[in-house]
Amino acid sequence: MIYTGGTIGMMKNSETGALENFNFEKLLEYIPEIKEFNLNIHTIAFAPPIDSSDISPDSWCELVKIIYSNYKQYDGFVILHGTDTMAFTASALSFMLEGLMKPVILTGSQLPIGALRTDGKENLLTAIEIAAAKNDDGTPIVPEVCIFFHEKLMRGNRTTKVSAENFDAFKSNNYPLLAHSGIELQFFKNNIRAYNPDAVLTPHYKMDPNIVIFSLFPGIQPCTIEKILKEKDIKGVIFRTFGSGNAPQKEWLVDALTNASKSGKIIVNITQCSTGSVRMDLYETGQQLLKSNIISGYDSTVEASLTKLMFLLGEGRNPNEIRHYMNSSIAGEVTI
Ligand code: ASP
């Protein structure tokens with residue numbers, strides 16, 4: 001169990017009223033039930049624990065290092081993480097842990113573990129149960145990176161935080177659930193990545209953060225887009241368009257995108273809608289984007305397309321290779 005921080009392990013500062021992290025031992029005091037599992041659970045904590053708004057590619061590397069160096073000794077990993085950026089971390093890990101064949105389950109909570117009505121207890125206990133779950137032949141039931149939150153087990157790189165107030169805080173809009181925890185813990189095995197006994201875990205540590213997420217809006221001005229696309233340090237843009245991947249029919253926009261693609265920048269078209277996929281061939285307003293050579297992100301989430309691009313750029317892939325990998329599923333992040 002790896003504790004990174006987040007609300008699950010926070011307490012109210014009596015002077016400021018703000019929630020602050022407390023240490024892991026204290027967190028465990030609130031869940032004596034953990035001992036009742038007949039499992040050997042070892043814990044590692046980030047020092048100091050961090051609010052997930054402070055998570056960065058360096059934190060992802062630290063997680064990859066911990067998992068890689070402990071991979072053989074353990075059947076599965078549970079990561080306690082703040083909810084705010086949990087979907088980014090889950091997406092990043094799904095790319096950085098190539099060949100993963102053991103469960104890596106991220107969870108957290110909306111209320112601190114010390115709060116009477118906390119959702120942290122049930123989230124943590126079920127995440128542990130899932131990380132330890134095996135098929136009859138001894139293989140793990142869930143050999144992939146997931147988020148477990150409020151009764152739902154979701155593929156990590158398909159998940160988005162959708163609520164800042166409900167216990168049901170995450171959604172996997174374009175991919176079905178991997179498991180549901182009610183009276184029984186029910187796995188939907190057809191939706192879970194197949195176990196491959198020959199896969200070898202290969203860790204990756206380089207993520208290139210020189211990317212922008214840009215959302216289109218009616219009234220967008222040429223200078224805004226051009227400033228971003230001409231910035232030399234920016235290597236990629238996650239371009240959030242309307243509906244099925246559409247943009248205003250403006251010559252300056254198509255020109256700016258075409259020139260940026262020609263200069264080697266990677267522009268990925270994803271939709272602002274929470275469900276559905278980009279289909280640039282459907283409308284004239286999308287077809288013009290096809291001509292400007294931008295890449296479809298299909299039905300991927302912002303979190304998955306951003307971290308996939310960080311990963312591919314970090315690996316030093318050239319624009320053609322990136323186009324190829326963006327048009328395929330590396331870790332189940334996209335439906336093609
Ligand atoms: N700010 C917290 C975090 O993401 C919120 C949470 O854990 O729910 O670290």
Side-chain angles (χ1 to χ4, degrees), residues 1-31 34 43-64 66 77-94 104-128 130-131 145-154 156-173 181 207 209 213 274 301-304 306-307 310:
M1 183 151 64
I2 309 165
Y3 173 53
T4 67
T7 295
I8 192 162
M10 288 183 178
M11 242 166 40
K12 224 182 208 152
N13 179 316
S14 49
E15 276 167 29
T16 64
L19 284 171
E20 289 174 355
N21 285 297
F22 60 84
N23 69 30
F24 199 47
E25 285 68 46
K26 197 122 187 207
L27 189 150
L28 291 180
E29 276 173 26
Y30 286 100
I31 343 171
I34 285 191
T43 54
I44 296 179
F46 274 23
I50 50 178
D51 185 296
S52 78
S53 298
D54 286 322
I55 286 280
S56 67
D58 286 343
S59 330
W60 300 335
C61 286
E62 199 169 333
L63 287 170
V64 171
I66 294 173
F77 300 84
V78 170
I79 301 177
L80 293 179
H81 194 288
T83 57
D84 291 348
T85 63
M86 192 188 292
F88 287 92
T89 297
S91 299
L93 292 181
S94 75
V104 171
I105 316 296
L106 288 100
T107 196
S109 66
Q110 293 282 63
L111 279 179
I113 202 88
L116 260 187
R117 292 175 52 251
T118 187
D119 51 332
K121 233 180 202 186
E122 126 81 7
N123 284 350
L124 175 54
L125 293 174
T126 311
I128 293 173
I130 292 168
V145 180
C146 302
I147 288 183
F148 177 77
F149 214 91
H150 190 71
E151 302 180 0
K152 296 182 294 192
L153 182 72
M154 295 156 277
N157 57 30
R158 293 293 198 145
T159 310
T160 300
K161 182 172 178 181
V162 291
S163 176
E165 56 184 5
N166 296 333
F167 287 144
D168 191 5
F170 286 87
K171 238 178 158 176
S172 169
N173 282 311
S181 133
M207 299 291 271
I213 300 172
S274 46
T301 59
V302 171
E303 295 87 339
L306 176 90
T307 52
M310 279 185 170

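Atoms within each ligand, like the ligands themselves, are counted from 1 in listed order.
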Engineer: Could you list the atoms of ligand 1 found under 4.0 angstrom from a heavy atom of Gly6?
Structural biologist: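 Numbered from 1, ligand 1 contributes 7 (O), 9 (O).
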Engineer: Return a yes/no value for Ser109: is any of its N or O atoms, backbone included, closer than 3.5 angstrom to an N or O of ligand 1?
Structural biologist: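 Among all N and O atoms of Ser109, at least one is under 3.5 Å from an N or O of ligand 1.
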Engineer: Are the side chain of Asn166 and the backbone of Asp168 linked by a donor-acceptor contact shorter than 3.5 Å?
Structural biologist: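 No; zero donor-acceptor contacts below 3.5 Å.
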Engineer: Can you figure out which of Asp84, Ile8, Ile55 has its heavy atom closest to atom 1 (N) of ligand 1?
Structural biologist: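 When every heavy atom of Asp84, Ile8, Ile55 is considered, Asp84 comes closest to atom 1 (N) of ligand 1.
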Engineer: Is there at least one pair of N or O atoms, one from His81 and one from ligand 1, spaced under 3.5 Å apart?
Structural biologist: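 Such a contact does not occur with ligand 1.
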Engineer: Count the heavy atoms belonging to other residues, nucleotides or ligands that lie under 6.0 Å from NZ of Lys171, then report whether that count exceeds 12.
Structural biologist: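 Result for NZ/Lys171: open.
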Engineer: Around atom 8 (O) of ligand 1, find the nearest protein heavy atom and jot down its residue, atom name and distance.
Structural biologist: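 Nearest protein contact, heavy atoms only, for atom 8 (O) of ligand 1 is Thr83 OG1, 2.4 Å.
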Engineer: Go through the side-chain N and O atoms of Lys161 and Thr83 and say whether any donor and acceptor fall under 3.5 Å apart.
Structural biologist: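 Yes, a side-chain donor-acceptor pair sits under 3.5 Å.
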Engineer: Is there a donor-acceptor contact under 3.5 Å from the side chain of Thr126 to the main chain of Asn123?
Structural biologist: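 Not at all, since once roles are kept as given, no pair shorter than 3.5 Å links the two residues.
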Engineer: Looking only at side-chain N and O atoms, does Thr307 offer a donor or acceptor that is under 3.5 Å from a partner on Glu303?
Structural biologist: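 Short answer, no.
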Engineer: Please state which option from Asp54, Thr7, Thr4, Ile50 has its nearest heavy atom closest to atom 6 (C) of ligand 1.
Structural biologist: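 Looking at heavy atoms only, Thr7 sits closest to atom 6 (C) of ligand 1.
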Engineer: Check whether any heavy atom of Ala169 sits under 4.0 Å from an atom of ligand 1.
Structural biologist: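 In this structure, Ala169 fails to qualify as a contact of ligand 1 - no heavy atom is under 4.0 Å.
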Engineer: Just checking, any donor-acceptor pair under 3.5 angstrom between side chains of Ser94 and Asn157?
Structural biologist: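 Note: Ser94 and Asn157 side chains meet the donor-acceptor criterion.
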Engineer: For ligand 1, which atoms sit closer than 4.0 Å to a heavy atom of Ser52?
Structural biologist: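 Here the atoms of ligand 1 in question are 3 (C), 4 (O), 9 (O).
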Engineer: Return yes if some donor-acceptor pair links the side-chain N/O of Ser52 with the main-chain N/O of Thr85 below 3.5 Å, else return no.
Structural biologist: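 The answer is yes, because a donor-acceptor pair under 3.5 Å joins these two groups.
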Engineer: Taking distance alone, with no angle check, do Thr85 and ligand 1 share an N/O pair under 3.5 Å?
Structural biologist: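 Min N/O separation from ligand 1 is not below 3.5 Å for Thr85.
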